[in-house]
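Protein chains get the first letters and strands the later ones, always in sequence-line order, with residue 1 at the start of each.
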Amino acid sequence: MNELLEKLNPEQVRPVLDTEGAVLVLAGAGSGKTRVLTSRIAYLIEEKGVSPYNILAITFTNKAAKEMQERIGRMTDVSGMWVSTIHSMCTRILRKNAERLGFNDKFSIYGESERAGVIKKSFQECDYDDEKLLKNVKWHISNAKTLALDPDGYAVRQNAEGNTKDLDAVVQVYRRYQAHLRENNAMDFDDLLMLTARLLRENEDILAYYAGKFRYILVDEFQDTNAVQFEIIRMLAGAHKNLFAVGDDDQSIYGWRGADIGNILHFERNFPDAKVYKLEQNYRSTKTILALANAVIHHNKSRKDKTLWTENAEGSRAVAFEAADETEEAAFTARTIAEFVRRGAKYSDFAVLMRINALTRSYEQEFAKYGINFKVFGGFRFFERKEIKDILAYLRIVNNPFDGEAVLRIINFPRRGIGDKTVQTLEEYAAQTGLTVYDALLDADELPLTSGAKTKLKAFAALLKDLVIQGQALSVAELARYVVEKTGMREAYADDSDDSLTKRANIDEFLNSADEFVRLNPSASLEDYLNQVALSSDTDDADEGDYVTLATIHSVKGLEFKCVFVCGLEDGTMPVSRAQDDEKDMEEERRLMYVAITRAEEKIYFTRSRSRYLYGRREPTARSVFLNELKDFLSLSDERPLYKRYEGDFYGDSYGKSYGSYGDRRSYGSSFGRYGGSGGYGFPSDDDGFRTVGSFRASSPQNAGMGGMKKGQESGGSAGNAYSFARKLTAAPAAGQGTAGAGNYPVGTRVSHPRFGEGTVVHSRGSAGNVIITVAFEKAGNKELSARLAPLTVLR
DNA sequence: CGACTGGCCGAGTTA
DNA sequence: CGGCCAGTCG
């Protein structure tokens, strides 16, 4: 245990030891918050004798949950501890108590497309048909659930706030939508949270059980919690009040999903006795990268003030590259990566981060061309593909025969001659008799249909019955395979079009993944499997493979890479166009930029295209404001020649030559007057405020390269941190190093000491490792303290 | 019943 | 450009 604490710096140790009451840790990017979280849990169990059974840890992704569990598991026994995402936690609580809410424990979880479908149906049943209104209604339903309000509650709230536009429709459709979900024994993502909140709010015994059980609650990524999540957490923490929240307001990027940055900004208001700690020392990135990050985030107004610093190396200068078009942008990235790999880097050292999914395409093409391994995260998720959803629908019916949506989805797929009219008759019958669609099917003989249609319905009913029976005996993987074979799913894609080929391959991949699931979770039920599928996030299947990560910035929250390319830095793309006229939205876009930059450990590139083919049109673009905010740190030009020079410097002439055909493709540019069509290569213009010094050399391998990269690799996966922490142990402590490291307690800092109270640092002496500061305490007078050892908290 | 066509609209991030 | 829908025809 002591070893564990020794690995922490003083600012990390304090929140680990401060185990009781509400504690907020404002943890800057890369400041070792996961280490603090895991250390604290281990400390609770090992030193405080807390049973893992009494601990709840909430993470942002399943992968983070798994990793945290493993990390703590290496230090101590964790059996019985709940480590999960809030959605998984809610699902678990709901399964156990579903009947209190009028559901049964096999309820289906509806994803985005099912949700859209059922809302639309409800909308039409209420005799509305305006597409704009529908869109609005959808948004409001999610908004209401995020606020944990039912239709009536939402009406009251909206009326009180004067937001009466479309309110009647919203309430009417919302009510109907919930009724449909209930008929289907289904919940959507928002329900998982809202219904858990309701369950706890309305059932004292259930709340007492969980609030009594979870004596210690830890929440990671607290900045991205929304109102209903906060309500759940607050209720659960109500009995013991031991809430440990870790977050970074600067990394709040889910405002559009209802995340309330106020939860972190007003933590002390909600928990008046709360203690607040800051982690400002970064172990992940070079000084250069942190300077970029700070330069960007500095433009935001609503944030808690903190400044990241690091003892890490200066690092190499960031490079900005402006391409003529997206192909050139991707090619630049591909060649840069290929060159680094040739020199010994791994593909997995790199990530290409973007604001919108649509930008991945050119990278996929260029990477394929260069033989670069890559994996795309974000965007169309595997389990959202039609062919996969169809198989899942069959599995959902077996698990939850109430799920009429699932039945209707596949009632005529693969084709079995059951048309719209038959389906309509069936639905009407079900509605009239109050039967589920599944049960109505079994009554096919009673329906006013031709005998042909009845026969087909009966055959379909027999198929479903057979699947249900098989489901009793078969494993998830076997059942899935049985479904595919029995329904002729593959034969439905028998032709040799590219599309069918892909779909068949996806079906096989799906079956393989089901095998894998069974292998890893031998005792899991069908329900467990469907849970996991519904709640899995994209980055959950990031693995140890050697590939370049192509991802949206949202999906790499919490991850880190040796080298990051932030691409598509154009007005309207990053920041995205709809954010530009709203100050609040712009701040979130800026935080997104901040998150992107702080993913990088050693090198960072910023790229953009001067023209981009997007949404079916090629259009000239303007440089992103974020690039302008970084202009003091970048070498940047709006003209081509620098690209050539860069090529020369970077790869040597031979390389540049092999790419000599480049000029040919300039024909692209010529359709846009100012984009380099007219007079060949000019000279870089300096009038745009950017320093266009010849410091492209700074990025040349001889001077900077990825020297540190190879070093990091030696220690494997989490090399960055392992390396940093190791160095930390042998080198100087946080405070007092004449460099940025002195930032811990510089003269003038307001600090708080548990015994002496508040005071101001008036003097600092000593050298690395043994800095003595003099603090003038208001009540206790002047004290000399060791910067390394004294239990000081920096005040603002 | 179902395959096919043409027109219209929207275009972002995700558990 | 692509998804969705309504309309048409075999």
> Centre of F413(A)'s six-membered ring, under 6.0 Å away, within 45 degrees of the axis: is that where NZ or CZ of K386(A) sits?
Replying inline: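 Satisfied, under 6.0 Å and within 45°.
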> So is R115(A) actually on top of F189(A)'s ring, under 6.0 Å and inside 45° of the axis?
Replying inline: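 No, a cation-pi geometry is absent between R115(A) and F189(A).
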> From the 5' end of DNA chain B to its 3' end, which nucleotides mark the outer limits of contact with chain A, defined by a 4.0 Å heavy-atom distance cut-off (strictly under)?
Replying inline: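 Here the contact window of chain A covers dC1(B) to dA15(B).
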Carboxylate-amine/guanidinium contact [X] [Y], below 4.0 Å:
X: E570(A); Y: R612(A); value: yes
X: E387(A); Y: R504(A); value: no
X: E326(A); Y: R618(A); value: yes

> Just how far is it from atom CD1 of I86(A) to atom CG of L56(A), taken to the nearest 0.5 Å?
Replying inline: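 Going from the CD1 atom of I86(A) to the CG atom of L56(A) covers 8.0 Å.
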>> For the CG atom of D540(A) and the CG atom of D543(A), what is their distance to the nearest 0.5 Å?
In response: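 Answer rounded to 0.5 Å: 12.0 Å.
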> Mapping T422(A) and W256(A) to their closest nucleotides on DNA chain B, which lands nearer the 5' end?
Replying inline: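 Checking each residue's closest nucleotide, the 5'-ward one belongs to T422(A).
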> When you match F60(A) and R415(A) each to their closest nucleotide on DNA chain B, which lands nearer the 5' end?
Replying inline: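 Result of the comparison: R415(A).
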NA contact type, [X], heavy-atom cut-off 4.0 Å: base, sugar-phosphate, or nothing?
X: N412(A); value: sugar-phosphate
X: K386(A); value: nothing
X: I418(A); value: sugar-phosphate
X: G111(A); value: nothing
X: E589(A); value: base
X: E588(A); value: nothing
X: S536(A); value: nothing

> Will you find, in the side chains of S611(A) and E619(A), an N or O donor that is under 3.5 Å from an N or O acceptor?
Replying inline: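 No, no side-chain donor-acceptor contact under 3.5 Å.
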> So which heavy atom on Y529(A) is nearest to which on S513(A), and how close?
Replying inline: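 Nearest heavy atoms, Y529(A) then S513(A): OH-OG, 4.3 Å.
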> Taking the P atom of each, how far is dC4(C) from dT13(B), in whole Å?
Replying inline: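 dC4(C) and dT13(B) have their P atoms separated by 16 Å.
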Tabulated below should be each protein N or O lying under 3.5 Å from an N or O of nucleotides 1-10 of chain C; please produce it.
residue : atom : partner : partner atom : Å
dC5(C)  : OP1  : K120(A) : NZ           : 2.2

